[in-house]
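Each remark here refers to the structure printed beneath this line.
One-based numbering, in listed order, for ligands and for the atoms of each. Just so we're clear, the structure is a prediction, and the values are computed from it rather than from any experiment.
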Amino acid sequence: MYEYKGVKISIVEGDITKMESDAIVNAANNTLLGGGGVDGAIHRAGGPAILEQCKKIGGCPTGEARITTAGNMPSKYVIHTVGPIYKDGKQNEEQLLYNAYYNSLKLSKEYNLKTIAFPSISTGVYGYPKDEACKVAIRGVMDFIDDENEIEEVIFVLFSRDNYLLYEKILDDIIGRG
Ligand code: AR6
């Protein structure tokens, strides 16, 4: 467990669909109509109510975020955000990934949510290098806490042991253990 300005920052190795947070974040695509990876897992676990709401929303630009029910999952909401497809690091990928984290947190604030769980956005199918993506994720969260200190806990849910250990190392370096 880590702490930054009174906000808990935790890392968990596992499946984000099992989290009991106010919101879990989905690494979606621009259509919001589902896909593979964490997106597929969230739609399968949450059931058809999520897709119904996504259809009404009608898509989401890269770096922005939209909110739906979490359906049958234990959390209350799903915040769908779209990270960039990584090409060579020169296509504004870093800013877009940062925006995905920051805008998800802004939306959670609008809904008065206190706990939010993030997957490692863009690091699967979209190919973003994991260590760089981790640093961007942490920077987005810390900047949000600097700007609007209302959230209580941010949880990074990592699907592999390797990515968990990477987050642990980078959080140790940046924040240190609380
Ligand atoms: N819980 C937590 N993390 C997971 C889970 C899970 N159940 N499943 C996978 N991950 P990806 P992207 C991790 O590919 O790169 C979809 O088709 C995974 O190990 O899910 O943003 C969308 O529809 C990786 O570290 O998302 C888009 O088209 C991370 O989640 C596209 O993929 C993100 O991998 C988005 O690609």
Side-chain angles (χ1 to χ4, degrees), residues 9-48 50-55 57-68 70-89 91-105 107 115-141 153-171:
I9 299 178
S10 318
I11 46 176
V12 170
E13 182 186 347
D15 178 355
I16 202 166
T17 66
K18 306 279 199 294
M19 297 299 296
E20 293 183 36
S21 42
D22 289 341
I24 60 171
V25 175
N26 183 17
N29 60 59
N30 295 126
T31 70
L32 295 188
L33 297 180
V38 69
D39 194 6
I42 284 173
H43 280 276
R44 272 194 305 277
I50 298 177
L51 187 58
E52 266 169 45
Q53 292 186 11
C54 282
K55 281 181 181 161
I57 293 168
C60 178
T62 307
E64 293 188 18
R66 303 288 185 265
I67 192 164
T68 68
N72 303 325
M73 291 182 288
S75 54
K76 293 187 191 130
Y77 294 95
V78 176
I79 292 177
H80 304 262
T81 190
V82 184
I85 299 173
Y86 190 87
K87 293 202 178 78
D88 55 7
Q91 316 297 323
N92 209 25
E93 291 99 329
E94 186 176 344
Q95 183 68 47
L96 291 167
L97 185 61
Y98 176 93
N99 292 351
Y101 282 93
Y102 199 94
N103 287 327
S104 296
L105 288 160
L107 192 51
T115 58
I116 182 168
F118 282 99
S120 182
I121 299 165
S122 282
T123 65
V125 178
Y126 281 1
Y128 208 112
K130 286 196 160 65
D131 54 342
E132 292 307 316
C134 171
K135 288 176 195 158
V136 174
I138 293 167
R139 187 160 59 80
V141 167
E153 183 172 17
V154 176
I155 307 154
F156 292 113
V157 183
L158 294 323
F159 206 48
S160 71
R161 187 79 195 152
D162 280 359
N163 213 16
Y164 176 89
L165 293 172
L166 179 71
Y167 269 72
E168 184 175 60
K169 182 183 177 305
I170 293 174
L171 280 165

Passing candidate, salt bridge (Lys or Arg N to Asp or Glu O under 4.0 Å) with Glu94, options Arg139, Lys135, Lys87: Arg139

Within ligand 1, which atoms have a heavy atom of Gly14 less than 4.0 Å away? 1 (N), 2 (C)

Among protein heavy atoms, which lies nearest atom 7 (N) of ligand 1, and at what distance? Asp15 OD1, 2.9 Å

Compare every heavy atom of Tyr102 with every heavy atom of Gly140, then report the nearest pair and how far apart it is. O-CD1, 3.8 Å

I'd like to check whether Val157 has a polar contact with ligand 1, where a contact means an N/O of the residue lying under 3.5 Å from an N/O of the ligand. no

Shortest protein heavy-atom distance from atom 17 (O) of ligand 1, along with the residue and atom involved: Gly36 N, 2.7 Å

Is there a donor-acceptor pair under 3.5 Å between the side chain of Thr81 and the backbone N or O of Glu64? yes

Look only at interatomic distance and state if Tyr126 has a nitrogen or oxygen under 3.5 Å from any nitrogen or oxygen of ligand 1. yes

Write out the residue and atom name of the closest protein heavy atom to atom 26 (O) of ligand 1, then the distance separating them to 0.1 Å. Ala27 CB, 3.8 Å

Test side chain to side chain contact (heavy atoms under 4.5 Å, CB included) applied to His80 and Cys60, step by step: CA-CA 8 Å; His80 304 262; Cys60 178; over 6 Å; no

Atom pair NZ (Lys18) and CE (Met73), whose distance is rounded to the nearest 0.5 Å: 10.5 Å

heavy-atom search around atom 13 (C) of ligand 1 in the protein gives Phe159 CB, 3.8 Å

Kindly write out the residues that satisfy side-chain hydrogen bond (donor to acceptor under 3.5 Å, both in side chains) with Thr115, not counting sequence neighbours, or none if the list is empty. none

May I ask you to list the atoms of ligand 1 that are less than 4.0 angstrom from any heavy atom of Gly35? 17 (O), 23 (O)

Val125-ligand 1 polar pair, N/O distance under 3.5 Å: yes

Atoms of ligand 1 close to Ala41 [distance to a heavy atom under 4.0 angstrom, numbered from 1]: 7 (N)

For atom 22 (C) of ligand 1, the closest protein heavy atom turns out to be Asp39 OD2, 3.5 Å

Kindly identify the option in Ala133, Pro84, Ser120, Gly37 whose heavy atom sits closest to atom 33 (C) of ligand 1. Ser120

Could you tell me whether Lys130 and ligand 1 have an N or O pair separated by under 3.5 Å? no

Cut-off 3.5 Å, no hydrogens considered: what does the side-chain donor-acceptor table look like for residues 156-167, sequence neighbours left out?
unit_1, atom_1, unit_2, atom_2, d
Ser160, OG, Asn163, N, 3.1
Arg161, NH1, Glu13, OE1, 2.7
Asn163, ND2, Ser120, OG, 3.3

Ligand 1 contacted by Ser122 (non-hydrogen, < 4.0 Å): yes

State, yes or no, whether a side-chain contact exists between Ser122 and Tyr86 at a heavy-atom distance under 4.5 Å. no

If you define the side chain from C-beta out and look only at heavy atoms, does anything of Asp88 sit under 4.5 Å from Glu93? yes

Is there a heavy atom of Gly40 sitting under 4.0 angstrom from any atom of ligand 1? no

Check the surroundings of atom CD in Gln91: do more than 12 heavy atoms from other residues, nucleotides or ligands lie under 6.0 Å from it? yes

Top protein contact for atom 20 (O) of ligand 1, by heavy-atom distance: Val38 N, 2.8 Å

Exam field: side chain Tyr101 to backbone Phe118, donor-acceptor pair closer than 3.5 Å: no

Would you check the N or O atoms of Gly124, main chain and side chain alike, for any that come under 3.5 Å of an N or O of ligand 1? yes

Taking N or O atoms only and a 3.5 Å limit, does Ile16 qualify as a polar contact for ligand 1? yes

Should you measure from each heavy atom of Thr123, which atoms of ligand 1 turn up under 4.0 Å away? 15 (O), 24 (C), 25 (O), 29 (C)

Before you tell me yes or no, could you show the steps for Asn29 and Tyr126 under side chain to side chain contact (heavy atoms under 4.5 Å, CB included), namely the whole-Å CA-CA distance, both residues' side-chain angles and the distance that decides it to 0.1 Å? CA-CA 10 Å; Asn29 60 59; Tyr126 281 1; 3.2 Å; yes

Sub-4.0 Å heavy-atom approach of Thr17 to ligand 1: no

